[in-house]
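Report on one structure; see the data block that follows.
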Amino acid sequence: MHFISILFPLLLASDALATPFRGHQHNNADIFPDFNTYSDWAICKGVITKARFPTLQAPNDKGGCVRYYQGIDMTGVVTELHFYFKDGFKSACDCAAECLKQSAICTNWVWKHTFMAGDSGKRSCTLYSSPNLPSGVTLKYNLAKSMGFMPLDPGNNPQMGAPAPLTFLDKAGKIPDKFGVSGFTMLDQDGRLFC
């Protein structure tokens with residue numbers, strides 16, 4: 001019995017020492033994955049890089065974007081700028097990079113088939129400064145007191161909230177496009193870029 005009373009505390013202590021200390025994790029505040037695994041989920045690695053965007057927040061020089069939604073168009077209606085294949089936009093990475101370049105007016109982008117005259121049947125890029133609104137929200141923009149948001153299609157004011165649409169391969173919206181993608185970019189108050 002004396003042997004067990006000595007051995008048991010030693011086993012507990014050895015287990016406690018073998019478990020790494022995780023600081024504040026006991027309060028469930030740290031819900032985030034290890035920053036060094038960022039590149040596991042990043043798209044556009046090697047295209048959206050720290051060399052191209054020096055203030056890009058990424059763990060290594062390969063960069064990339066992790067704030068994206070595959071097959072979903074989470075963009076809104078404000079500052080609707082279109083770029084096509086004929087303009088040199090050949091991939092979603094070109095689209096995300098353009099949003100980063102125009103960080104003063106762009107916070108989200110989508111790469112999808114728009115079925116507009118300029119897209120020649122290919123996916124194209126659209127930049128926005130507002131995201132999709134949830135279905136319970138409608139927002140009317142005061143054009144007289146607003147600035148830096150043009151263009152805004154009059155049919156989109158007010159902006160009606162709705163579930164985020166999928167991206168599609170057909171104009172009828174019947175065949176989902178799993179290679180359509182949309183994402184967020186952001187320039188924070190310290191001048192750091194996120195995507």
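In this text, all values refer to a predicted model and were calculated from it rather than measured experimentally.
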(request) Applying side chain to side chain contact (heavy atoms under 4.5 Å, CB included), run through Leu193 and Ser103 and close with a yes or a no. (result) CA-CA 8 Å; Leu193 282 170; Ser103 61; 3.9 Å; yes
Under a 3.5 Å distance rule, please check whether [X] uses its side chain to pair with a backbone N or O of [Y] as donor and acceptor.
X      : Y      : answer
Asn108 : Ser129 : no
Gln57  : Thr55  : yes
Asp87  : Phe83  : no
Ser120 : Lys122 : no

(request) Verify the neighbour count for atom CG of Asn60: are there more than 12 heavy atoms of other residues, nucleotides or ligands below 6.0 Å? (result) yes
In terms of side-chain geometry, is the basic nitrogen of [X] or [Y] positioned less than 4.0 Å from the acidic oxygen of its partner?
X      : Y      : value
Asp73  : Lys112 : yes
Arg123 : Asp177 : yes
Arg192 : Asp188 : yes

(request) Answer yes or no for Cys125 and Cys95: SG-SG distance under 2.5 Å. (result) yes
(message) Less than 2.5 angstrom apart at the SG atoms, yes or no, for Cys99 and Cys195?
(response) no
(request) Begin from the C-alpha positions of Thr79 and Leu152 and carry the test side chain to side chain contact (heavy atoms under 4.5 Å, CB included) through to its verdict. (result) CA-CA 6 Å; Thr79 314; Leu152 173 60; over 6 Å; no
(request) Identify the two heavy atoms, one from Thr75 and one from Ser182, that lie closest to each other, and give their separation to 0.1 Å. (result) CG2-CB, 4.4 Å
(request) Determine the minimum heavy-atom distance between Gly148 and Ile105, stating which atoms define it. (result) O-CG2, 4.0 Å
Let me check something: any side-chain donor-acceptor pairs from residues 134-144 under 3.5 Å, sequence neighbours excluded? List them with distances.
unit_1	atom_1	unit_2	atom_2	d
Tyr141	OH	Gln159	OE1	2.5
Asn142	OD1	Ala144	N	3.1
Asn142	OD1	Lys145	N	3.2

(request) List the steps, then state whether side chain to side chain contact (heavy atoms under 4.5 Å, CB included) holds for Tyr128 with Leu81. (result) CA-CA 7 Å; Tyr128 297 92; Leu81 302 175; over 6 Å; no
(request) Test side chain to side chain contact (heavy atoms under 4.5 Å, CB included) on Thr49 and Lys62 and set out the steps. (result) CA-CA 5 Å; Thr49 63; Lys62 291 181 183 175; 5.8 Å; no
(request) Using distance alone, with no hydrogens and no angle criterion, decide if Thr114 and Asp119 have a side-chain donor and acceptor under 3.5 Å apart. (result) yes
(message) List the residues meeting ring-ring contact (aromatic ring centres under 6.0 Å, His included) with Phe168, not counting sequence neighbours, and say none if there are none.
(response) none
